[in-house]
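The chain is numbered in sequence order, starting from 1. This one's a predicted model, so the numbers in the text were calculated from it and none came from an experiment.
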Amino acid sequence: MRLLIFGLFIFLPLAGTQAQDLKGKNAIGAVAHATILSDEDGDEYLSMWTNPTWVHFYSDQSAWGAGVSYNYYRTTFAGERIGFHQFMLYPYWRHHYPFNEKTGIFIRAEAGVGYARQYEYVDDIERYNEWNLFTGARAGAYHFLTDRLSLELNWGDARYSHTIAKHSYGTGHKDALNLDLSFSSVSVGLLWYLK
């Protein structure tokens with residue numbers, strides 16, 4: 001019994017507690033990204049991505065939410081032009097592991113559906129339509145800049161997806177299992193906690 005009490009006395013201050021209701025039960029946030037590249041051969045690449053989210057904390061450290069993602073890119077490579085639009089809708093669950101009142105890490109599990117439309121302008125226009133079902137997990141860190149504003153860093157991605165593609169030359173299915181732990185998959189966003 002003494003060992004249990006001693007263990008709890010040591011562990012509880014290290015585990016940390018963060019009452020999200022002090023920050024707010026609901027939060028809205030967004031991540032935005034843009035890339036513009038060109039080279040001496042005349043090849044160009046433009047990419048824009050936005051991801052607004054809403055989250056509701058049902059306990060001090062656990063929440064569920066929903067997000068919408070839109071991705072657009074246009075590229076010119078060796079005289080060929082490609083345009084791409086992608087929409088995704090996904091619910092997610094996340095759990096926080098706070099280090100202190102302002103900083104901590106979280107894990108996030110998500111599942112959703114996506115739709116993509118791609119155009120290739122080679123000799124003639126070719127259209128690609130894809131439906132995508134996916135599930136995945138990622139990790140992240142957060143730091144409160146103010147009482148209501150949190151800066152978030154998402155890193156890595158483990159994802160399974162099933163794609164149904166309808167191309168101008170036929171229909172096909174594809175399964176993919178991706179594990180991306182590179183620093184190129186880091187995204188930064190802001191989360192605003194509502195009263």
Atom of R81, atom of T76 and distance for their closest heavy-atom approach: CG-OG1, 3.8 Å

Taking the side chain as every heavy atom from C-beta outward, state whether L190 and L151 have any pair of such atoms under 4.5 Å apart. yes

Atom CZ of R74 with >12 non-hydrogen neighbours under 6.0 angstrom: no

What I'd like to find out is whether the side chain of T53 reaches to under 4.5 Å of the side chain of L191, using heavy atoms alone. yes

CG-OG distance between L133 and S161, expressed to the nearest 0.5 angstrom: 9.0 Å

When you check the side-chain N and O atoms of H85 and Y70, is any donor under 3.5 Å from an acceptor? yes

CA sep, side-chain torsions, deciding dist, call: L46, Y72, side-chain contact (heavy atoms from CB on, under 4.5 Å): CA-CA 8 Å; L46 167 69; Y72 168 77; 4.0 Å; yes

H95 backbone acceptor or donor facing S62 side chain under 3.5 Å: no

Start with the C-alpha distance between N154 and R138, add both sets of side-chain angles, then the distance that settles side chain to side chain donor-acceptor pair (under 3.5 Å), and finish with yes or no. CA-CA 7 Å; N154 290 279; R138 66 180 58 213; 4.6 Å; no

Taking W54 as the starting point, is it possible to reach W192 by hopping between hydrophobic residues whose side chains are less than 4.5 Å apart? yes

With a 4.5 Å limit on heavy-atom distance, are the side chains of I36 and Y45 in contact? no

Taking atom CG of L194 and atom CD1 of I28, what is their separation to the nearest 0.5 Å? 5.0 Å

Less than 4.5 Å apart, side chain to side chain, heavy atoms only: is that true for W93 and I107? yes

Checking E130 against R117 for the salt bridge (charged side-chain N to carboxylate O under 4.0 Å, His left out) test, could you report, in this order, the C-alpha distance in whole Å, the side-chain angles of both residues, the deciding distance, and whether it holds? CA-CA 6 Å; E130 294 182 349; R117 178 171 230 168; over 6 Å; no

For residues I82 and Y73, determine if any side-chain heavy atom of one lies less than 4.5 Å from a side-chain heavy atom of the other. yes

Salt bridge present between R94 and E152 (N-O < 4.0 angstrom): yes

With under 30° as parallel and over 60° as perpendicular, where do the rings of Y90 and Y92 fit, or are they tilted in between? tilted

Kindly give the heavy-atom pair with the smallest separation between H56 and N26, and that separation in Å. ND1-OD1, 2.8 Å

Side chain to side chain, W64 and Y58, heavy atoms closer than 4.5 Å: yes

Sidechain-backbone polar pair: T163 side chain, A165 backbone, donor-acceptor under 3.5 Å: no

Give a yes or no on whether the ring-centroid distance for H96 and Y142 is below 6.0 angstrom. yes

First locate atom OG1 of T103, then atom CZ of F144, and finally report the distance between them rounded to the nearest 0.5 Å. 9.5 Å

Under 3.5 Å, is there a donor-acceptor pair linking the side chains of S69 and W49? yes

Flag the pair V68 / N51 as yes when at least one side-chain heavy-atom distance between them is below 4.5 Å, and no otherwise. no

At their closest point, which heavy atom of P91 faces which heavy atom of G112, and how far apart are they? CD-CA, 4.4 Å

Is the closest side-chain heavy-atom distance between M88 and F134 below 4.5 Å? yes

Within 45° of the ring axis of Y193 and under 6.0 Å from its six-membered ring centre, is that where the NZ or CZ of R148 lies? no

